[in-house]
Amino acid sequence: FTEVTMETLVRKNSKITVGHELSSSNWLNNEKNTPRRVVIEGSPGMGKTTFLEKMCVDWVNKPSSLPACMREIQLMFFIRLRNLKEPWSPGGSTPVMELINQSIDIKELFADDKRLQLEEYCRAKPGNICFILDGIDELKQECSKAIMNIWKGEGCIRNSVIITTRPEHQEQLYDHTTPNQYYRLRGFTEENQKEMISRYFIDDQDTAKTFVEELFHYRREMVGLFLTTPLHLALLCLVMEIRKCLPASITLISEQFILILIRREKEREDEPQCQYITLADLENDKDLDALGKLAFRKTCKNVFSFSQGDIDAIS
């Protein structure tokens with residue numbers, strides 16, 4: 001895991017101001033108590049999900065590496081909000097237990113008596129539970145009310161809730177309650193970028209050295225936008241790994257991104273000869289054509305992300 005740069009944000013009267021800069025390794029070091037409501041904002045591909053997945057892994061394997069305020073957590077649930085399928089009805093389980101039920105196969109993991117113990121623990125020790133709700137911008141509309149009730153603290157005011165969001169969706173969180181902490185993942189510094197490249201080519205440092213030299217000395221102006229985002233830098237590394245050099249333009253790099261992703265998807269589907277797929281083979285692909293038109297329309301409106309609903313509308 002390569003560190004990324006973060007910054008604290010302060011929101012007052014609908015205006016957001018930047019506080020201080022910090023590293024993702026020490027983001028909560030100054031907090032004395034477990035934070036109850038935290039927002040982590042970042043543009044698509046900036047590393048929000050990976051950052052919090054890393055925190056979960058450390059919570060299991062290296063709890064001493066976590067900020068002191070998070071070491072009291074005894075249960076941590078990482079929940080991808082896009083996977084929630086339907087809202088739950090009142091009168092059944094508590095909001096917290098229903099969220100757990102929807103997020104993991106609780107019947108598969110726990111016998112009946114253990115499920116009761118888990119529910120009792122959640123009631124008795126709410127301050128020791130952390131919910132990481134990943135992607136409020138990907139949450140289906142019909143599930144929104146239930147999740148916002150949990151964010152407000154309905155039946156779980158003492159639970160710790162960390163929510164990730166894209167910048168354009170943070171407003172709805174403030175409509176329901178004010179977070180204790182508000183952070184933005186800002187991306188890679190040059191040092192972070194070089195570290196990621198070195199780690200990606202851990203067994204081929206000659207390629208790593210060549211790649212760094214090409215990126216930072218000859219091609220920086222062309223690929224600068226790709227360097228600050230972990231996802232895009234990973235794709236650049238993948239292109240370099242396969243081609244051993246970078247294409248001559250942003251358009252050609254983007255074409256390689258598409259080809260690599262499609263070939264890998266075809267490999268998972270066990271399609272023969274998928275490694276020989278070219279752009280010419282994709283000219284009549286209706287799905288790609290529809291996605292291209294959607295991306296073009298959004299870009300014309302200065303919008304650089306789209307939802308599952310947008311994709312469903314063109315399907």
Side-chain angles (χ1 to χ4, degrees), residues 1-7 18 20-27 40-55 57 164 166-167 183-267 274-279 282 288 291-292 295-296 298-299 302-306:
F1 179 78
T2 303
E3 299 294 338
V4 291
T5 302
M6 302 179 71
E7 56 194 11
V18 177
H20 58 278
E21 183 179 294
L22 64 164
S23 167
S24 55
S25 62
N26 60 16
W27 67 301
I40 297 180
E41 172 192 301
S43 300
M46 197 57 72
K48 302 182 294 294
T49 299
T50 303
F51 167 60
L52 290 174
E53 285 178 335
K54 170 67 163 51
M55 189 178 78
V57 171
T164 69
R166 295 177 182 180
Y183 299 93
R184 176 188 292 154
L185 278 181
R186 203 175 68 190
F188 279 159
T189 62
E190 183 172 318
E191 181 182 350
N192 297 148
Q193 295 157 7
K194 292 178 179 178
E195 179 187 358
M196 179 174 175
I197 292 169
S198 178
R199 290 185 177 186
Y200 187 95
F201 295 102
I202 189 70
D203 297 320
D204 188 0
Q205 288 299 298
D206 288 340
T207 297
K209 184 178 179 180
T210 301
F211 191 26
V212 166
E213 187 172 291
E214 184 172 3
L215 283 179
F216 293 96
H217 295 284
Y218 304 113
R219 310 286 290 281
R220 176 116 201 188
E221 184 174 345
M222 184 185 82
V223 299
L225 288 175
F226 288 107
L227 296 180
T228 56
T229 306
L231 175 62
H232 290 137
L233 182 53
L235 288 170
L236 280 178
C237 289
L238 184 59
V239 171
M240 186 69 179
E241 180 183 15
I242 292 173
R243 292 175 53 96
K244 303 304 179 186
C245 65
L246 281 181
S249 69
I250 291 292
T251 299
L252 292 176
I253 290 174
S254 300
E255 287 179 355
Q256 288 301 310
F257 285 172
I258 293 170
L259 278 175
I260 288 168
L261 292 174
I262 289 175
R263 286 169 182 166
R264 294 205 164 188
E265 183 63 28
K266 299 293 186 183
E267 283 178 8
C274 58
Q275 68 269 31
Y276 301 113
I277 292 175
T278 66
L279 287 173
L282 303 173
L288 275 180
L291 282 173
F296 179 75
K298 291 286 187 177
T299 303
N302 205 33
V303 176
F304 302 104
S305 63
F306 41 84

Novice: Exactly one of Gln205, Gln193, Lys209 should register a side-chain contact (heavy atoms from CB on, under 4.5 Å) with Ser198. Which one does?
Specialist: Gln205
Novice: Does a side-chain heavy-atom distance below 4.5 Å link Lys244 with Thr210?
Specialist: no
Novice: Do side-chain atoms of Lys48 reach the backbone of Gly42 as a donor and acceptor pair under 3.5 angstrom?
Specialist: yes
Novice: What distance separates Leu215 CG from Leu236 CG, expressed to the nearest 0.5 Å?
Specialist: 6.5 Å
Novice: Test your reading of the model: is there a side-chain donor-acceptor pair from Lys194 to the backbone of Thr189, 3.5 Å cut-off?
Specialist: no
Novice: Restricting to side chain to side chain contact (heavy atoms under 4.5 Å, CB included), what partner residues turn up for Tyr200, sequence neighbours left out?
Specialist: Cys237, Leu238, Glu241
Novice: Could you walk me through whether Phe201 and Asp206 pass the side-chain contact (heavy atoms from CB on, under 4.5 Å) check?
Specialist: CA-CA 9 Å; Phe201 295 102; Asp206 288 340; over 6 Å; no
Novice: Side-chain contact test, heavy atoms from C-beta onward, threshold under 4.5 Å: evaluate it for Ser43 versus Thr229 and give yes or no.
Specialist: no
Novice: So how far is it from Arg243 CZ to Ile253 CD1, rounded to the nearest 0.5 Å?
Specialist: 9.0 Å
Novice: What are the two closest heavy atoms between Glu214 and Met240, and how far apart are they?
Specialist: OE1-CE, 4.1 Å
Novice: Return the CG to OG1 distance between Leu52 and Thr164, rounded to the nearest 0.5 Å.
Specialist: 6.5 Å
Novice: Between Ser249 (side chain) and Leu252 (backbone), is there a donor-acceptor pair under 3.5 Å?
Specialist: yes
Novice: Measure the CD-NE2 distance between Glu7 and His20 for me, rounded to the nearest 0.5 Å.
Specialist: 10.0 Å
Novice: How long is the straight-line distance from CG of Leu235 back to CD of Gln256, given to the nearest 0.5 Å?
Specialist: 11.5 Å
Novice: Mind checking the CZ-CG spacing from Phe257 to Leu231? Nearest 0.5 Å is all I need.
Specialist: 8.5 Å
